[in-house]
Amino acid sequence: MQNHRSNTGALVGGTLLIAFGLLWLASEVFRGFNWGFLWPFIVIGVGALFFIAMLAGGKQAAGFAIPGTIVSGVGLVLLFQNITQHWESMSYFWTLIILFVGAGIYIMGIYGNDPGQKKSGASVMKVGLILFIIFGAFFEMIFSSFGNLIFPILLILLGAYLVLSRSGLLGRHKDTTSDSVPPVN
């Protein structure tokens, strides 16, 4: 009798073999097609396999969400760069890996019904997004080849968010002090 882990391994391994076989067959059939454009989809597909393993393994395999989001996210970044030919953006796109880790923790929290993980994942995603905006603005000022309006606007929005959230104008901070007298039992 096979256990659940060997079934998951067979599922992932079999899916990989099918995917590579289909790619190889397609490259033989469609020889004139430019396959160089599609290579990031292989990376995205490998990331998707982690999610398949997570779903097949049940709640105890929720940790597969983290490498799944990292690998799939890097594949999406590579696809974006492949389409736009803006390879200089890798000088700051690495910060998105932090965001992907946070997304994986968040998904893991959703899948495992753990609100603490969801909150932690959201915090890590926020850090990754802030770093992406800061490094992106800095490096785009140096390279200035990806539109001169995107990152200055993101910097303004980030600054406004920080000012408004820290000043209490966004309504997130609750006043913990109270002038009222606590009830007597």
Side-chain angles (χ1 to χ4, degrees), residues 5 7-112 114 117-118 120-140 142-143 145-147 150-151 154 158:
R5 279 195 182 182
N7 290 340
T8 303
L11 177 66
V12 171
T15 305
L16 272 173
L17 290 174
I18 291 170
F20 287 132
L22 287 172
L23 283 172
W24 191 350
L25 181 63
S27 70
E28 293 296 323
V29 172
F30 303 106
R31 288 192 182 266
F33 187 75
N34 180 11
W35 291 98
F37 175 74
L38 296 177
W39 68 268
F41 286 107
I42 296 171
V43 179
I44 295 168
V46 170
L49 290 175
F50 284 102
F51 287 107
I52 292 170
M54 180 186 80
L55 295 172
K59 290 192 186 282
Q60 71 268 11
F64 279 116
I66 297 172
T69 55
I70 294 170
V71 175
S72 297
V74 168
L76 289 170
V77 166
L78 293 172
L79 179 64
F80 170 81
Q81 291 175 326
N82 203 23
I83 291 170
T84 63
Q85 293 298 308
H86 186 60
W87 296 99
E88 299 88 4
S89 63
M90 191 52 87
S91 62
Y92 57 91
F93 267 26
W94 63 268
T95 59
L96 289 178
I97 294 173
I98 298 168
L99 187 137
F100 300 148
V101 169
I105 295 170
Y106 189 83
I107 292 168
M108 191 170 76
I110 290 172
Y111 194 67
D114 186 346
Q117 282 182 332
K118 285 173 45 177
S120 296
S123 296
V124 173
M125 284 191 294
K126 189 186 294 186
V127 168
L129 183 62
I130 290 170
L131 288 174
F132 174 73
I133 292 170
I134 292 170
F135 278 91
F138 176 75
F139 282 109
E140 284 300 326
I142 292 173
F143 298 123
S145 61
F146 192 59
I150 295 171
F151 282 102
L154 288 175
L158 174 62

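We number each residue from 1, following the sequence as shown.
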Side chain to side chain contact (heavy atoms under 4.5 Å, CB included) filter on Tyr111, not counting sequence neighbours, yields Met54, Leu55, Ala62

Are the side chains of Lys118 and Ile110 in touch, meaning some heavy atoms are under 4.5 Å apart? yes

Nearest heavy-atom pair of Phe50 and Gly68: which atoms, and what distance? CB-CA, 3.5 Å

Look up atom CZ in Phe41 and atom CG in Leu76, then write down how far apart they are to the nearest 0.5 Å. 8.5 Å

Sorted by chain and number, sequence neighbours left out, side chain to side chain contact (heavy atoms under 4.5 Å, CB included) with Ala48 holds for none

What pairs meet the side chain to side chain donor-acceptor pair (under 3.5 Å) rule with one or both residues in residues 68-82, with sequence neighbours excluded? Gln81-Ser89

Partner residues of Ile83 under the side chain to side chain contact (heavy atoms under 4.5 Å, CB included) criterion, sequence neighbours left out: Phe37, Leu79

Ring centroid separation for Phe64 and Phe51, is it under 6.0 angstrom? no

Return the CZ to CG distance between Phe135 and Leu96, rounded to the nearest 0.5 Å. 12.0 Å

Euclidean distance, Ile130 CD1 relative to Thr95 OG1, rounded to 0.5 Å: 11.0 Å

If the condition is side chain to side chain contact (heavy atoms under 4.5 Å, CB included), which residues does Ile42 pass it with, not counting sequence neighbours? Phe20, Leu23

For Val101, the option from Leu99, Ile105, Ile98 that meets side chain to side chain contact (heavy atoms under 4.5 Å, CB included): Ile105

4.5 Å side-chain heavy-atom contact, Leu78 and Trp39: yes

Checking Trp87 now: which residues fulfil ring-ring contact (aromatic ring centres under 6.0 Å, His included) with it, not counting sequence neighbours? none

Looking at side-chain heavy atoms only, is the closest gap between Phe100 and Val77 below 4.5 Å? yes

